[in-house]
Amino acid sequence: MTIRVVVVDDQAMVRAGFTAVLAAQSDIDVVGEAANGREGVQVCRDLQPDVVLMDVRMPEMDGLEAVRQLLNPPPGVTHCPKVLMLTTYDIDTYIYEALKAGASGFLLKDAPITDLTRAVRVVAEGDALLSPSVTRRLITDFANSRPAAHADAGDNVRLGSLTPRETEILRLVARGQSNTQIAQNLVVAEQTVKTHIGNIFAKLGLRDRAQAVIFAYESGLITPGDR
């Protein structure tokens, strides 16, 4: 199946470069472009792509607000694409909020071509593009700058729906461990870990691994510096 992509960036050369790279792939079709977040939202509503490459910092409407509008659409709009944020910096102050809003991950603009094409395929399949090292840095760099998190009643109810094993795995995910690392630590099959993670997402109403990290911190399940 061909992955339909929209590229949203205020720099024409950047859009052209990403479009050329992606269009050369047999399984990817760039169906549209936009020069700012406002245009990007409209283009995506019109073309309904599978994946959006969204720049973080743009005029008129930045990528963060565009993500919020795309992934929390008004009544009558049902299409919600996967969003991959583009940034010049490896840790951008907007990234935490973008992931919280539902973005599936982020990619550096100077990443190798193979990373770009892989990223599009990963998020199109419903996974999150968030490496263990980035997960740890998000918690450390961003959570430390915020007041200590405390679970509200709703979070407690959601956490209470998890089994002890699922709670343990959620902690490990939030600490930046991969499925392979979790399987090794718990001495279980990697497929078993994947099954548990799928159940966690379903019970907590999460889209992907990125949102699991956000939830684990904001519910107070983990705190910065946890190991």
**Asked** Quick one: NZ on K203 to CG on L162, what's the gap to the nearest 0.5 Å?
**Response** 6.0 Å

**Asked** Side chains of T180 and E190: is there a donor and an acceptor less than 3.5 Å apart?
**Response** yes

**Message:** Looking at every non-hydrogen atom in both residues, tell me the closest pair between N199 and E166 and how far apart they are.
**Reply:** CB-OE2, 3.5 Å

**Message:** What I'd like to find out is whether the side chain of V188 reaches to under 4.5 Å of the side chain of V193, using heavy atoms alone.
**Reply:** yes

**Message:** Rounded at 0.5 Å granularity, tell me how far CG in L186 sits from CD1 in I169.
**Reply:** 5.5 Å

**Message:** Would you compute the distance between atom CZ of R118 and atom CG of L107 and round it to the nearest 0.5 angstrom?
**Reply:** 10.0 Å

**Message:** Looking only at side-chain N and O atoms, does R209 offer a donor or acceptor that is under 3.5 Å from a partner on N179?
**Reply:** yes

**Item:** Side-chain heavy-atom pair F215, L159 within 4.5 angstrom cut-off
**Value:** yes

**Request:** Show the numbers, then the answer: is there a side chain to side chain contact (heavy atoms under 4.5 Å, CB included) between V8 and M58?
**Result:** CA-CA 9 Å; V8 184; M58 294 180 289; 3.7 Å; yes

**Request:** Starting from the C-alpha separation in whole Å, work towards a yes-or-no answer on side chain to side chain contact (heavy atoms under 4.5 Å, CB included) for M54 and L86.
**Result:** CA-CA 6 Å; M54 179 76 71; L86 300 170; over 6 Å; no

**Asked** Do the non-hydrogen side-chain atoms of V7 and V30 ever get within less than 4.5 Å of each other?
**Response** yes

**Request:** Using the side chain to side chain contact (heavy atoms under 4.5 Å, CB included) rule, take V41 and M61 through it: C-alpha gap first, then chi angles, then the decisive distance, then the call.
**Result:** CA-CA 10 Å; V41 171; M61 179 188 291; 4.2 Å; yes

**Item:** Residue pairs involving residues 44-53 (criterion side chain to side chain donor-acceptor pair (under 3.5 Å); sequence neighbours excluded)
**Value:** Q42-D46

**Message:** What's the separation between atom OG1 in T2 and atom CD1 in I28, rounded to the nearest 0.5 Å?
**Reply:** 9.5 Å

**Contact summary for I182 and V173, nearest pair of heavy atoms** = CD1-CG2, 3.7 Å

**Prompt:** Can you list the steps and then say if K109 with D9 is a salt bridge (charged side-chain N to carboxylate O under 4.0 Å, His left out)?
**Reply:** CA-CA 11 Å; K109 288 187 178 181; D9 194 292; 2.9 Å; yes

**Request:** Run the numbers on Q11 and R15 for side chain to side chain contact (heavy atoms under 4.5 Å, CB included), then give the verdict.
**Result:** CA-CA 6 Å; Q11 298 180 49; R15 294 198 307 274; 5.9 Å; no

**Prompt:** Under a 4.5 Å cut-off applied to non-hydrogen side-chain atoms, are L53 and L116 in contact?
**Reply:** yes

**Side-chain heavy-atom pair L170, L204 within 4.5 angstrom cut-off** = yes

**Message:** Any salt bridge linking R165 with E168? Criterion: basic side-chain nitrogen under 4.0 Å from a carboxylate oxygen.
**Reply:** yes

**Asked** Applying side chain to side chain donor-acceptor pair (under 3.5 Å), which residue pairs with at least one partner in residues 74-86 are found, sequence neighbours left out?
**Response** none

**Fill in**
So CG of L64 and CZ of R57: to nearest 0.5 Å the spacing works out to 11.5 Å

